[in-house]
> 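Once you've had a glance at the structure underneath, I'll fire off some questions.
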Amino acid sequence: MTQRTDGRGTPFRRWASRTPRLLRGAVAAAASLLVITALSPTAQAVQAAPRPKAPREFVALRTVDPSIIQEMRYITPHDFVGEPIDGYRQPLCILTRPAAEALHRAQLTLLRRGYSLKVYDCYRPQRAVDHFVRWAKDLDDERMKAEFYPRVDKSRLFTDGYIAEKSGHSRGSTMDLTIVKLPALPTRPYHPGQRLVPCYAPKGQRFPDNSLDMGTGFDCFDTLAHTDDPRVQGVQRANRQFLKSTLAAQGFVNLPEEWWHFTYQPEPFPSTYFDFPVSWRSVTGL
C-alpha cells in the first residue's frame, strides 16, 4: 500500500503526530511577537499619541446660535485652491466662546431688521494654512485663477499679503462672514470644471451667493476687496459699512484688506496657533 504524504514528501502519519507540538510552538511564537510589539517604544508612542482636541474655551457656533447661516467653503472644492483643505472634516464653524457669543449678539440685532449673518470660515487649523502655503508655492496650479485672483500673478501671493504662513484664524477668534437678507435663498452648488467668472464681476455675473452685494465675492484676491476701496460706492459700499458697523458694536475689528474678515477683541489666545481638526469631535470629545 502506498503511504500518503502531505505533498512535500513527509509521511502523513508522522506529520499528523507532530501537529499538536507545531501548533503549540506557533501559538508560543505569536504570543512572544505580541509581547515584543506591545513593549515596542514606537508602538507605545503611537498608542499613547492623543488626538488633537480643542481647549475648553472653544465651542461650535451652532450650540451658541443655530440661526447663523453656515456656508463653510474650505470643506468644498469651491475655494481658491480648487479642492477641500486639510483639517476640515465637517462643515462646522468653531470659535472661542467669547467670539461666538459676540456673534450671537450681532445676530440678534440683524434678525430684528430682517437679516442674518452667514459665516464662510471660522477657526482654521494650522495644517490648513500649511496647505495654502504649499499651493501658493506651486506656480503651475492655477485652476481657480479665473475666479479668485484673475489680476494677480500667483508668484506675488506672499509678497502682496494674500497668503502667509500664519493666520489669525488659527487663534480661534477670527471669522469670515457676510450678511444675508431673510428669507435666505438657497445658494447654487459649485461644480468643479464649470466656467469661472472673476470675483469682482457684477453680482449677476459672478458665482451666485445669497448675501448682500458687497462688490466682490468672498476670498477675492484683489484690491477691490479692500473694505474702504474708493471705487466701491453706492449700495455695495453701504452694505460693507452695514456689516462693519454691526460687528464693531460687538467688539469685532475688520481687516482693511478684506471686507469679510473680522476678529473679536480681546482675543483669549492672542499668540497661540492651534491645529486640531474642524470637527464635532474636536469640541465635544465624542
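What you are looking at is a predicted structure, and each value in this text was computed from that prediction instead of being measured.
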> Take a 6.0 Å sphere around CD of Glu165 and say whether it holds more than 12 heavy atoms from other residues, nucleotides or ligands.
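Incorrect, the count does not exceed 12.
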> For the CG atom of Asn210 and the OG1 atom of Thr178, what is their distance to the nearest 0.5 Å?
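Asn210 CG to Thr178 OG1: 8.5 Å, rounded to 0.5 Å.
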> So does Met214 get a backbone contact from the side chain of Arg240, meaning a donor-acceptor N/O pair under 3.5 Å?
yes
> Within the supplied structure, the quantity of interest is the number of heavy atoms (other residues, nucleotides, ligands) at a distance under 6.0 Å from Lys137 NZ; does it exceed 12?
no
> Can you name the closest pair of heavy atoms from Ile163 and Phe158 and give their distance?
O-CD2, 3.4 Å
> So, are Glu267 and Arg171 salt-bridged, with charged N and O less than 4.0 Å apart?
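Yes, charged N to carboxylate O under 4.0 Å.
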> Determine the minimum heavy-atom distance between Val59 and Arg97, stating which atoms define it.
CG1-NH2, 3.1 Å
> Can a donor-acceptor pair be found, under 3.5 Å and without considering hydrogens, that links the side chain of Asp229 to the backbone of Arg231?
yes
> Checking Phe132 against Tyr162 for the ring pair (Phe, Tyr, Trp, His ring centres under 6.0 Å) test, could you report, in this order, the C-alpha distance in whole Å, the side-chain angles of both residues, the deciding distance, and whether it holds?
CA-CA 10 Å; Phe132 292 162; Tyr162 293 111; over 10 Å; no
> Only one of Asp176, Asn254, Thr227, Thr216 forms a side-chain hydrogen bond (donor to acceptor under 3.5 Å, both in side chains) with Trp259, so which one is it?
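For Trp259, the side-chain hydrogen bond (donor to acceptor under 3.5 Å, both in side chains) check succeeds only for Thr216.
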> Please confirm whether Lys118 makes a cation-pi placement over Trp260, using NZ or CZ under 6.0 Å from the six-membered ring centre and within 45° of the ring normal.
no
> With a sphere of 6.0 Å drawn around CZ of Arg89, does it hold more than 12 non-hydrogen atoms of other residues, nucleotides or ligands?
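Result for CZ/Arg89: open.
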> Just do the side chain to side chain donor-acceptor pair (under 3.5 Å) check on Thr263 and Ser173 with the steps written out, would you?
CA-CA 6 Å; Thr263 299; Ser173 297; over 6 Å; no
> Compare every heavy atom of Tyr123 with every heavy atom of Tyr88, then report the nearest pair and how far apart it is.
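Taking every non-hydrogen atom into account, OH-O, 4.0 Å.
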